[in-house]
Amino acid sequence: MTFRLRLSGQTRRRALRQYLLARAVNRGRALRPVADRTAQITKGDLLVFVTQRNERIRLPYFLEYYRKMGVAHFLFVDNDSSDGSRDYLADQPDVSLWQCKGSYKAARFGMDWIDRLLMRYGHGHWCLTVDPDEFLVYPHCDTRPLRALTDWLDRSGRVSFPAMLLDMYPRGGIEEQVYAEGDDPLQIARYFDAGSYTISKNDYFGNLWIQGGPRARAFFRDNPVAAPALNKIPLVKWHWRYAYVSSTHMLLPHQLNRVYDEDGGERISGCLLHAKFISTFTEKAAEELSRGQHYSNSQEYRAYHAGLAQGTQLWCPQSQEFRDWRQLDDLGLMSRGGWV
């Protein structure tokens, strides 16, 4: 009976993966190239994949951050922006850009588009899939480029790397410190919650599920189980048969989600510093709520709208100011594992 159940789970996961790959091919037909520079991609290049809409103010620093990390090429999907970000990205020499005017929600919140680009251009590359407000930190990132990490992962036989989403916020009201284009958002949103996180395991997909932090306590205090998931697997040595299932929270084949040690040890992990909560947030939240293109009938943005009506202060006496990756390692929010 156990064998039959296991076989059934394997069969169902395989069928789901085939379905997601077929969806990616089908929905990917809606992508229209604006600036296709993928011929520049060479063997071993580190690639970043992004879906964005009206993030013009964030893009210069975002690109600078990952260029310094050693990323060779960026592949963007622009979901019908109206703020000039499409033209800005089209002018960048290391960016390939596609436009799609279709429904973000109908494309599995953009993941069908990203899966299609990963399938076509990511095979054999280490690929980082992030949003424009997410900044990867990993052990030794202040002295070692991303290539050093992926080389170590290759030598260790690992093809996926996890990073907990760590919500960052300013001291004082979100709107009080104005963010200007090109600024480092982490100089404004410098604080984070060091504790009060919950973690569980999804037995079917094998991934961990993490919730908590400032969004849970400020916007989902009455229903914490509905708070956004903070577990992500954004960095993967891609194969064209892989597929993201739900944002970058989990993948198929499900073995890619086993990025933790259940025998008492620690595996290497990082954090994605999530600089959502800056002065542009209130306007962005209102726009996304009105569009209704997000998960579960925009439940997250409905919570933001209700919370913002009560004030925009996320800082509390227990907040910690971000220093470096070592601080996060000491707090147990990430781990250097065996990489010394």
Side-chain angles (χ1 to χ4, degrees), residues 17 20-21 24 37-52 62-77 92 94-97 110-111 113-132 134-165 207 231-245 247-260 267-273 325 334-340:
R17 177 159 55 97
L20 293 175
L21 292 174
R37 300 184 178 95
T38 53
Q40 299 175 5
I41 298 173
T42 61
K43 184 178 180 180
D45 278 350
L46 301 173
L47 309 179
V48 164
F49 292 76
V50 189
T51 299
Q52 77 92 39
F62 174 87
L63 293 170
E64 177 188 2
Y65 184 89
Y66 286 110
R67 283 167 179 156
K68 288 181 177 178
M69 196 173 282
V71 169
H73 203 83
F74 299 83
L75 296 92
F76 274 84
V77 175
Q92 302 304 305
D94 53 357
V95 169
S96 289
L97 174 66
M111 293 315 298
W113 304 328
I114 291 297
D115 273 349
R116 178 55 179 148
L117 295 183
L118 283 163
M119 183 192 304
R120 185 169 182 181
Y121 302 106
H123 180 78
H125 293 269
W126 278 99
C127 299
L128 179 65
T129 302
V130 288
D131 291 335
E134 295 176 349
F135 300 91
L136 179 67
V137 293
Y138 54 87
H140 310 290
C141 61
D142 52 350
T143 57
R144 303 179 193 177
L146 186 57
R147 170 76 62 200
L149 172 61
T150 57
D151 284 350
W152 186 84
L153 293 169
D154 280 329
R155 292 193 300 271
S156 303
R158 300 176 186 177
V159 296
S160 54
F161 177 81
M164 176 180 165
L165 194 70
N207 62 291
N231 51 286
K232 293 209 168 187
I233 307 176
L235 182 63
V236 180
K237 182 74 170 287
W238 205 259
H239 188 285
W240 70 268
R241 291 184 177 179
Y242 295 169
Y244 277 116
V245 177
S247 181
T248 56
H249 302 308
M250 52 197 177
L251 304 99
L252 287 171
H254 74 292
Q255 292 88 345
L256 297 169
N257 301 320
R258 300 295 178 90
V259 291
Y260 49 88
R267 289 197 187 182
I268 191 170
S269 64
C271 282
L272 284 173
L273 304 185
W325 68 268
M334 59 182 281
S335 174
R336 71 187 79 189
W339 193 31
V340 296

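A cation-pi contact, defined as under 6.0 Å to the ring centre and within 45° of the axis, links Arg144 to Trp339.
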Test Thr38 against Arg120 for side-chain contact (heavy atoms from CB on, under 4.5 Å), laying out the working first.
-> CA-CA 10 Å; Thr38 53; Arg120 185 169 182 181; over 6 Å; no
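Judged as a salt bridge (Lys or Arg N to Asp or Glu O under 4.0 Å), and not counting sequence neighbours, the contacts of Arg67 are Asp94.
Asp115 places a side-chain N or O within donor-acceptor distance of the main-chain N or O of Tyr244, the cut-off being under 3.5 Å. In terms of modelled atom types and a separation under 3.5 Å, the side chain of Arg241 and the main chain of Arg17 share no donor-acceptor contact. A donor-acceptor pair under 3.5 Å links the side-chain atoms of Arg147 to the main chain of Gly44, judged by distance alone. Proximity of a side-chain donor or acceptor of Ser96 to a complementary backbone N or O of Arg37 within less than 3.5 Å is detected. Using a distance-only test at 3.5 Å, with no hydrogens or angles considered, a donor-acceptor pair links the side chain of Tyr65 to the main chain of Leu136.
At a threshold of 4.5 Å between non-hydrogen side-chain atoms, the residues Trp126 and Asp154 count as touching. Using a 4.5 Å heavy-atom threshold, the side chains of Tyr121 and Asp45 count as separate. In this structure, the side chains of Leu235 and Thr150 come closer than 4.5 Å at one or more pairs of heavy atoms. Looking at heavy atoms from C-beta onward, Thr248 lies out of side-chain contact with Ile114 at the 4.5 angstrom threshold. Side-chain contact between Val130 and Phe135 is absent, with no heavy-atom pair separated by less than 4.5 Å. Annotation: side chain of Ser269 is not in contact with side chain of Met164 (no heavy-atom distance under 4.5 Å). Put simply, the side chain of Leu118 does not reach to within 4.5 Å of the side chain of Val236, judged on heavy atoms. Counting heavy atoms from C-beta outward, Trp240 and Met119 have side chains that approach closer than 4.5 Å.
For the residue pair Leu46 and Val71, the shortest heavy atom distance occurs at O-CG1, 3.6 Å. Nearest heavy-atom pair across Pro139 and Ser335 is CG-O, 3.4 Å. The two residues Cys127 and Trp238 come nearest to each other via the heavy atoms SG-CB, 3.9 Å. Nearest heavy-atom pair across Gln92 and Leu63 is CG-CD1, 3.9 Å. Here the closest non-hydrogen pair linking Leu47 and Gly122 is CD1-CA, 4.3 Å. Shortest non-hydrogen contact noted between Leu272 and Glu134 is CD1-OE1, 3.8 Å.
Note that CG of Leu75 and CZ of Arg116 are 12.5 Å apart. Values are rounded to the nearest 0.5 Å. Here the straight-line distance linking atom CG of Asn257 with atom NE2 of His249 works out to 12.0 Å at 0.5 Å rounding. Atom CE of Met250 and atom CG of Asn231 lie 8.5 Å apart (nearest 0.5 Å). Atom CG of Leu117 sits about 8.0 Å away from atom OG1 of Thr51, to the nearest 0.5 Å. Taken from CG in Leu251 to OH in Tyr242, the straight-line distance is 9.0 Å, to the nearest 0.5 Å.
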